[in-house]
Amino acid sequence: MSQLKVHNSYTRQKEVFTPLTAGHVGMYVCGPTVSGESHLGHARPTITFDFIYRYLLHLGYKVRYVRNITDAGHFEEEGREAEDKISKKAVLEKLEPMELVQKYTNLFHWAMRQFNNLNPSIEPTATGHIVEQIGMIETIIREGYAYVVNGSVYFDVKKYAAQYPYGKLSGRVLDDLLETTRDLEGQEEKRNRQDFALWKAAPPEHIMRWQSPWGEGFPGWHIECSAMSTKYLGTEFDIHGGGMDLMFPHHESEIAQSTICNHRVPARYWIHNNMITINGKKMGKAYGNQIRLSEMFTGKHPLLQQAYSPMTIRFFILQTHYRSTLDFSNEALQAAEKGLKRLWEAYDLLKKLVADEGEGNGSPATTADPALDDKVTKQLREMDEFMKDDFNTAKVLANLFELVPVINSLKGGQIRRDALSPATLQLMKRYFTDYIENILGLKGESTGDDQKLSGVMELLIDIRRDARSKKDYSTSDKIRNQLLQLGIVLKDEKDGGVSYTFA
RNA sequence: GGUCUCGUGGCCGAGUGGCUAGGCAGAGCUCUGCAAAAGCUUCUACAGCAGUUCGAAUCUGCUCGAGACCUCCA
């Protein structure tokens, strides 16, 4: 068995993954800012780290997966004024800030369930950890790497950079930052332009505010993740994840803060997923192409030709390696939808085939087609290697698809039932379940589990069978065509059976 | 302007020195009362130019093009 290798953004190379404590993994992933409804952008990192989490569990690790909810403090620049996103929106919607945050947190959780993402082990909120954040800021001041101005606290990046490799993660050079950082509000308080806020004094109209040693205010952009990762995973932990856009300044600043407080780089492996683009352009407010997840699922967005189910989106994301950009378009989504349907139907078929074969039919090693048997076994085993090579879900799916014709042919008779040994069939079923459901986290989207409906379907199929046996094709076609109009596809199987799917 | 990434067939996307990923779409055939589904076969590639090499989509250089980050962002 080969070892798990991950691409570490911090060293820019693929490394063998060795957890700090054998058998245990601590993973921190930057979660959403709940100042608005979750959009397509939230799908990529949450699904990426979900399959990473699932895979680590599959490998037998005990994983503590921490994903924060940012419900306070982030700034948004709109025109000249810098305002707190959450408090501003709260005024507009006439809600308590916490009411607003709760609303969007609930919507985020709803979307995560749609995607079949597992819950993190701990989901801490920024507002719930003000005390820890203040404590951390005090330590940084005591260590001499932060200074207080008018009730705000700033991190002294220049001093830090003289001692530590500031910019290592994101590939920044401090001198370049000096020249290129553009003007922002409040710059005049800072000693150097690249310094960042640890704590901001709240202006009187600001609703979200907490008491601190420096007066009433709210925490800076980056301190929450340092405080909460330290609290729940320790001063050094295994994996820190997030979107690539967070590398600078967010993760770079986190490293600086934690390095001063805890005297070490917090995480050993930094994993960053790439971005989603829409028709080749980055998704973002500035481009006016942000699609909310609720809009994806219903198709109600000018850019969408139809609704796309959560599993279609999940499958689409899985078809790409997580470190590549992924371009959304109607054509690509529709292709994913069809592909997933094909894969899922083959998987359903496989489960039935293996159940039919039973356990005791013949010797487990008997195969009428050793070459095919070997090929299937090899393609199954290969999936382990693909996944261990930096979580290559794209290649795993390719192999699963390679096996789809084999499954369909076993059913259709193009391949003899005894071509594969019972042991290989069992193995195939186990791998399909492990990968499709447990690791990739896909699930069926059946819409027809209704008992009465299936009873009616049986009846219609029965009537149609009678009609066909009498060569009464006008009746049989009428049944099929009218069902088709309702979105139910009848398929006459070779063996005389009839199956149906919901279009 | 600085830093970096990337350019693969009609579309989406793996791969990264030799052995043609995969999905969707297209074509032909088989099966079929007809369909659908399925199976088999199959056409479109590696931005351009030059170099390294027995051999490059894969390495090097240049040109062109696209994108990201530097500012909240997933």
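Letters A, B, ... mirror the listed sequences (proteins, then strands); counts begin at 1. As a basis for the values below, the full set of heavy atoms in this structure was taken, side chains included, without hydrogen atoms, waters or symmetry mates.
- OP1 or OP2 of B:rG23 has not a single side-chain nitrogen or oxygen of A:Lys338 nearer than 4.0 Å.
- Comparing the same atom, C1', in B:rG17 and in B:rU63 gives a spacing of 24 Å after rounding to whole Å.
- Closest to the A:Glu402 side chain, of the nucleotides B:rA21, B:rA74, B:rC69, is B:rA21.
- Counting non-hydrogen atoms under 4.0 angstrom, A:Asp492 reaches a base of the nucleic acid.
- Of the candidate nucleotides B:rG39, B:rC73, B:rG15, B:rG15 has the atom nearest to the side chain of A:Lys395.
- Note on A:Ser170: nothing from the nucleic acid sits closer than 4.0 angstrom, heavy atoms only.
- Each of A:Arg381, A:Lys378, A:Gln379 was scored for a side chain to side chain contact (heavy atoms under 4.5 Å, CB included) with A:Asn399, with one residue passing: A:Gln379.
- Note on A:Gly243: only backbone sugar-phosphate atoms sit closer than 4.0 angstrom, heavy atoms only; bases stay farther off.
- Phosphate contact (OP1/OP2 of B:rC12, side-chain N/O of A:Thr320, threshold under 4.0 Å): absent.
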Worksheet entry | Stepwise side-chain contact (heavy atoms from CB on, under 4.5 Å) test for A:Leu107 and A:Arg292 | CA-CA 11 Å; A:Leu107 278 166; A:Arg292 285 181 278 184; over 6 Å; no
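- Taking the P atoms as reference points, B:rA47 lies 13 Å from B:rG10, given to the whole Å.
- Pairing of B:rA27, defined by two Watson-Crick or G-U wobble distances under 3.5 Å, is identified with B:rU41.
- For B:rG1, the paired base is B:rC70 (Watson-Crick or G-U wobble, both distances below 3.5 Å).
- Counting all heavy atoms, side chain and backbone alike, A:Gln319 lies closest to A:Ala394 at O-CB, 3.2 Å.
- Counting non-hydrogen atoms under 4.0 angstrom, A:Met247 reaches nothing in the nucleic acid.
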Worksheet item: What's the verdict on side-chain contact (heavy atoms from CB on, under 4.5 Å) for A:Lys351 and A:Phe432, showing C-alpha distance, side-chain angles and the deciding distance?
Response: CA-CA 9 Å; A:Lys351 284 188 283 193; A:Phe432 267 64; over 6 Å; no
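- When each of A:Arg417, A:Met428, A:Lys429 is checked for a side chain to side chain contact (heavy atoms under 4.5 Å, CB included) with A:Leu353, only A:Arg417 meets the rule.
- Side-chain proximity of A:His39 to the nucleotides B:rG39, B:rC70, B:rA74 is greatest for B:rA74.
- Of the nucleotides present, none pairs with B:rG33 by Watson-Crick or G-U wobble criteria with both distances under 3.5 Å.
- B:rC24 and B:rA38 are spaced 8 Å apart, taking the P atom of each and rounding to whole Å.
- Comparing B:rG13 with B:rG7, their C1' atoms are spaced 13 Å from each other, to the whole Å.
- On the C1' atoms, B:rA45 is 15 Å away from B:rG22, given to the nearest whole Å.
- Residue contacts shown for A:Glu345 are absent, as no nucleic acid heavy atom lies under 4.0 Å away.
- Taking atom C1' in both B:rA57 and B:rU8, one finds a spacing of 7 Å when rounded to whole Å.
- Listed for the A:Asn68 side chain is no donor-acceptor partner under 3.5 Å among the backbone atoms of A:Thr125.
- Using a 4.0 Å cut-off, some side-chain N or O of A:Arg342 falls inside it from OP1 or OP2 of B:rC24.
- Across the protein-nucleic acid pair, A:Phe401 atom CZ and B:rC24 atom C1' stand 10 Å apart, rounded to whole Å.
- Rounded to whole Å, atom P of B:rC34 lies 21 Å from atom NZ of A:Lys470.
- Nearer the 5' end of RNA chain B, as judged by each residue's closest nucleotide, is the contact made by A:His321, out of A:His321 and A:Asn399.
- Straight-line distance from the NZ atom of A:Lys375 to the P atom of B:rA21: 14 Å, rounded to whole Å.
- Contacts of A:Phe316 with the nucleic acid, taken as non-hydrogen atoms under 4.0 Å apart, involve only primed sugar atoms and P, OP1 or OP2.
- Spacing between B:rU30 and B:rG18 at atom P, rounded to whole Å, works out to 39 Å.
- Comparing B:rA36, B:rG22, B:rG33 by their nearest atom to the side chain of A:Arg464 picks out B:rG33.
- Mapping A:Arg480 and A:Asn392 onto RNA chain B by nearest heavy atom places A:Asn392 at the nucleotide closer to the 5' end.
- Residue A:Ile313 contributes atom CD1, which lies 17 Å from atom P of B:rA74 at whole-angstrom precision.
- Protein atom CD of A:Glu331 is 13 Å distant from nucleotide atom P of B:rG9, rounded to whole Å.
- At the heavy-atom level, A:Ala398 lies under 4.0 Å from base atoms of the strands shown.
- Taken from NE2 in A:His222 to CZ in A:Phe196, the straight-line distance is 5.5 Å, to the nearest 0.5 Å.
- Considering only side-chain atoms of A:His42, the nucleotide from B:rA74, B:rG13, B:rG23 that sits closest is B:rA74.
- The side chain of A:Arg323 contributes no N or O atom lying less than 4.0 Å from OP1 or OP2 of B:rU5.
- Close to B:rA35, at under 4.0 Å from its OP1 or OP2, lies no side-chain N or O of A:Arg468.
- At a threshold of 4.0 angstrom between heavy atoms, the contacts of A:Leu326 are confined to the sugar-phosphate backbone, with no base atom among them.
- For A:Gln414, counting side-chain heavy atoms from C-beta on, the closest listed nucleotide (B:rG39, B:rA36, B:rA21) is B:rG39.
- Base pairing annotation: B:rU53 forms no Watson-Crick or G-U wobble pair, as no partner gives both donor-acceptor distances under 3.5 Å.
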Practice prompt. Test A:Tyr28 against A:Ser226 for side-chain contact (heavy atoms from CB on, under 4.5 Å), laying out the working first.
Written response: CA-CA 10 Å; A:Tyr28 187 93; A:Ser226 289; over 6 Å; no
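- For B:rA74, the OP1/OP2 oxygens have a side-chain nitrogen or oxygen of A:Thr33 closer than 4.0 Å.
- Ring-centre distance between A:Tyr65 and A:Phe49: not below the 6.0 Å cut-off.
- Base-pair partner of B:rG65: B:rC6 (Watson-Crick or G-U wobble, both distances under 3.5 Å).
- Distances were taken from every side-chain heavy atom of A:Ala335 (C-beta onward) to each of B:rC12, B:rA14, B:rG23; the shortest belongs to B:rG23.
- Summarising the geometry, the separation between CE on A:Met244 and C1' on B:rU71 is reported as 17 Å, rounded to the nearest angstrom.
- In this structure, A:Lys491 places its NZ atom 20 Å from C1' of B:rG33, rounding to the nearest Å.
- Across B:rU71 and B:rG65, the matching P atoms stand 27 Å from one another, rounded to whole Å.
- Both thresholds, 5.5 Å between centres and 30° between ring planes, are met by A:Tyr473 relative to the base of B:rG33, so the two rings are stacked.
- Spacing between atom CG of A:Asp195 and atom C1' of B:rU71 amounts to 16 Å, rounded to whole angstrom units.
- No contact: A:Leu40 has no heavy atom under 4.0 Å from any strand.
- Remark: the A:Asp477 side chain and the B:rG33 base include a donor-acceptor N/O pair separated by less than 3.5 Å.
- With ring centers used as reference points, A:Phe297 lies under 6.0 Å from A:Phe115.
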